[in-house]
2 protein chains.
Amino acid sequence: MENLDQTDRTILRILQNDSKKTAKEIAAMLNLTVSPVYERIRRLENQGFIKKYVAILDKDRIGRSITAICQISMRYHDESFIDEFEKQIQSLNEVQECYHMAGQVDFILKIHVQSLESYHEFVRYQLSKIKNIGVINSNFVIKEIKHTSEYYI
Amino acid sequence: MENLDQTDRTILRILQNDSKKTAKEIAAMLNLTVSPVYERIRRLENQGFIKKYVAILDKDRIGRSITAICQISMRYHDESFIDEFEKQIQSLNEVQECYHMAGQVDFILKIHVQSLESYHEFVRYQLSKIKNIGVINSNFVIKEIKHTSEYYI
DNA sequence: ACTGAAATCACTTCCTC
DNA sequence: GAGGAAGTGATTTCAGT
């Protein structure tokens with residue numbers, strides 16, 4: 001973070017919002033030519049500031065309209081149980097995010113499914129098959145207020 | 001979703017993982033030439049399946065290592081209060097996600113900050129300035145198990 | 001819907017200051 | 001660290017099947 005100047009930050013801000021912007025367009029915004037912009041972007045990639053470039057899909061359009069937040073507490077907290085749980089969660093396609101938490105609840109998951117019925121099936125046939133789960137507490141999103149992949153820089 | 005054939009889905013799967021893949025590379029994977037791949041991608045964009053293309057940054061690298069999940073209940077549930085809350089939340093740079101929930105808790109937020117101290121400042125100077133908040137319950141992520149922008153297709 | 005070729009434009013390298 | 005010119009390769013369009 002310390003080794004990023006104002007130009008780098010502007011480039012990151014632009015690419016977080018639209019990675020299809022060409023080096024030429026970015027150069028114009030910064031009053032630079034293409035070469036320095038190109039070299040900065042490559043440096044930001046190589047130094048790991050930019051992890052990847054992805055397409056963001058419309059979840060409603062592809063039939064994943066239901067978002068559930070699922071809070072899970074484990075029965076036992078042995079290292080081996082936790083490791084196993086984490087491995088299993090990673091392999092579930094419905095799970096978009098999973099965090100190990102400090103506090104009462106052990107894990108918080110964000111899950112996308114097609115319908116309430118598919119959520120039922122997900123809990124019944126996938127989640128509850130994982131060993132050592134104590135409490136599962138599910139809540140549904142009724143409105144997405146904000147959802148961005150951009151970090152404020 | 002119904003008007004997507006297997007080729008479209010494969011293209012979406014590839015672009016969700018790496019939007020820098022060229023039409024040529026994708027064509028090779030699908031045993032096609034460049035033109036149909038190019039035209040399908042443009043159709044998927046125009047029909048709104050692909051919303052945008054973005055760069056994903058490394059949050060540790062840019063000094064946003066702390067993730068907090070914050071659950072908020074409102075004091076009153078009048079429409080005007082809720083609307084105002086949503087508007088204010090959208091303008092907060094630290095808030096990555098915010099969902100209006102069905103259930104006991106009204107809103108769940110995901111927040112990225114630099115340190116526990118900056119989280120304290122966020123709650124004190126930004127969040128608690130918003131009118132009509134009843135209960136704020138914050139929990140911190142100790143490990144990110146899974147975090148992807150890809151939807152399973 | 002796909003192929004193949006042609007035109008345009010962006011990416012990438014390298015040499016300069 | 002930035003500019004400019006040159007080469008390479010991808011995007012984009014279109015006629016043909």
Side-chain angles (χ1 to χ4, degrees), chain A residues 1-64 148-153, chain B residues 1-64 148-153:
Chain A
M1 197 58 180
E2 319 73 39
N3 37 7
L4 294 181
D5 64 15
Q6 206 46 57
T7 305
D8 289 331
R9 287 171 200 222
T10 307
I11 292 173
L12 289 177
R13 230 176 278 130
I14 293 167
L15 292 177
Q16 279 196 103
N17 182 257
D18 178 9
S19 62
K20 281 287 193 244
K21 278 246 160 30
T22 64
K24 196 179 166 185
E25 290 173 299
I26 298 171
M29 293 175 179
L30 291 163
N31 292 317
L32 283 173
T33 53
V34 175
S35 310
V37 171
Y38 171 77
E39 275 156 20
R40 278 168 182 270
I41 292 174
R42 203 174 47 178
R43 203 195 67 234
L44 292 166
E45 290 166 0
N46 291 338
Q47 294 185 346
F49 290 99
I50 298 172
K51 278 204 295 192
K52 61 193 311 202
Y53 295 94
V54 304
I56 303 291
L57 306 192
D58 185 321
K59 69 174 165 19
D60 297 324
R61 213 80 180 69
I62 57 164
R64 303 242 137 204
T148 175
S149 57
E150 292 176 51
Y151 296 107
Y152 177 65
I153 304 177
Chain B
M1 196 57 180
E2 320 74 38
N3 38 7
L4 293 181
D5 64 14
Q6 205 48 58
T7 305
D8 289 331
R9 287 171 200 222
T10 306
I11 292 173
L12 289 177
R13 230 176 278 130
I14 293 167
L15 292 178
Q16 278 195 101
N17 183 258
D18 178 9
S19 61
K20 282 286 192 244
K21 279 244 158 35
T22 64
K24 196 179 167 185
E25 290 174 298
I26 297 171
M29 293 175 180
L30 292 163
N31 292 317
L32 283 172
T33 52
V34 175
S35 310
V37 171
Y38 172 76
E39 275 156 20
R40 278 169 183 270
I41 293 174
R42 204 172 46 176
R43 202 194 69 234
L44 291 166
E45 290 165 0
N46 291 338
Q47 294 185 347
F49 291 99
I50 298 173
K51 277 204 295 191
K52 60 193 311 199
Y53 296 95
V54 305
I56 303 291
L57 306 193
D58 185 321
K59 70 173 164 19
D60 296 325
R61 213 79 179 70
I62 57 164
R64 303 243 137 201
T148 175
S149 56
E150 292 176 52
Y151 297 107
Y152 177 65
I153 304 180

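In what follows, chains are A, B, ... by sequence order, proteins preceding strands, each numbered from 1. Since the model is a prediction, treat every value here as computed from it, not as a measurement.
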**Student:** Roughly, in whole Å, what's the span from CD in A:Glu25 to C1' in D:dT11?
**Tutor:** 14 Å
**Student:** Is there a donor-acceptor pair closer than 3.5 Å between any side-chain N or O of A:Thr10 and the backbone N or O of A:Gln6?
**Tutor:**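 Confirmed, A:Thr10 side chain pairs with A:Gln6 backbone.
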**Student:** Taking atom P of C:dG4 as reference, at what distance in whole Å does atom CG of B:Leu32 sit?
**Tutor:** 11 Å
**Student:** Expressed in angstrom and rounded to an integer, what is the separation of B:Ile26 atom CD1 from D:dT12 atom P?
**Tutor:**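 Distance check: B:Ile26 CD1 to D:dT12 P gives 12 Å.
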**Student:** Could you tell me how far apart B:Asn31 (CG) and C:dG4 (P) are, to the nearest whole angstrom?
**Tutor:** 13 Å
**Student:** Check the pair A:Ile14, A:Met29 against side-chain contact (heavy atoms from CB on, under 4.5 Å), reporting the backbone distance first and the verdict last.
**Tutor:** CA-CA 10 Å; A:Ile14 293 167; A:Met29 293 175 179; 3.4 Å; yes
**Student:** I need the CZ-P distance between B:Arg42 and D:dT11, as an integer number of Å.
**Tutor:**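 B:Arg42 atom CZ is separated from D:dT11 atom P by 13 Å.
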**Student:** Round to the nearest Å and state the distance from B:Lys24 atom NZ to C:dC2 atom P.
**Tutor:**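 Going from B:Lys24 (NZ) to C:dC2 (P), I get 20 Å.
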**Student:** Is a side-chain N or O of B:Arg61 found less than 3.5 angstrom from the main chain of A:Lys51, in a donor-acceptor match?
**Tutor:** no
**Student:** Is it true that A:Asp8 and A:Arg40 make a salt bridge, defined as a side-chain N closer than 4.0 Å to a carboxylate O?
**Tutor:** yes
**Student:** Side-chain contact test, heavy atoms from C-beta onward, threshold under 4.5 Å: evaluate it for B:Val37 versus B:Lys24 and give yes or no.
**Tutor:** no
**Student:** Which of residues 11-22 of chain A have a heavy atom under 4.0 Å from DNA chain C?
**Tutor:**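 Output list: A:Thr22.
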**Student:** Go ahead and write out DNA chain D as dot-bracket, 5' to 3': ( ) for pairs within the strand, [ ] for ones crossing earlier pairs, | when the partner sits on another strand, dots for unpaired; Watson-Crick or G-U wobble, both distances under 3.5 Å.
**Tutor:** ||||||.||||||||||
**Student:** Using a 4.0 Å heavy-atom cut-off across all strands, classify B:Arg43 as base, sugar-phosphate, or nothing.
**Tutor:** nothing
**Student:** Please report the interatomic distance CD1(A:Ile50) to CG(B:Leu57), rounded to the nearest 0.5 Å.
**Tutor:** 6.5 Å
**Student:** Within a strict 4.5 Å, meaning less than it, do heavy atoms of the A:Ser19 and B:Ser19 side chains meet?
**Tutor:** yes
**Student:** Of the options D:dA2, C:dC11, C:dA5, whose atoms approach the side-chain atoms of A:Pro36 most closely?
**Tutor:** D:dA2
**Student:** Could you tell me the separation between the CD1 atom of A:Ile62 and the CG atom of B:Leu4, rounded to the nearest 0.5 Å?
**Tutor:** 9.0 Å
**Student:** May I ask you to verify if any side-chain N or O of A:Tyr38 is less than 4.0 angstrom from the OP1 or OP2 atom of C:dT13?
**Tutor:** yes
**Student:** Which nucleotide in the set C:dC14, C:dC2, C:dG4 lies at the smallest distance from any side-chain heavy atom of A:Glu39?
**Tutor:** C:dC14
**Student:** Would one find a side-chain N or O of B:Arg40 under 4.0 angstrom from OP1 or OP2 of C:dA1?
**Tutor:** no
**Student:** Measure from the side chain of B:Thr33, starting at C-beta and using heavy atoms only, and say which of D:dT12, C:dG4, D:dA2 lies closest.
**Tutor:**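 Closest of the options to the side chain of B:Thr33: C:dG4.
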**Student:** Quick one: does NZ or CZ of A:Lys20 land under 6.0 Å from the six-membered ring centre of B:Tyr53, within 45 degrees of the ring axis?
**Tutor:**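 Output yes; distance and angle both within limits.
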**Student:** How many whole angstroms separate atom CD of A:Glu45 from atom C1' of C:dC11?
**Tutor:**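 Going from A:Glu45 (CD) to C:dC11 (C1'), I get 12 Å.
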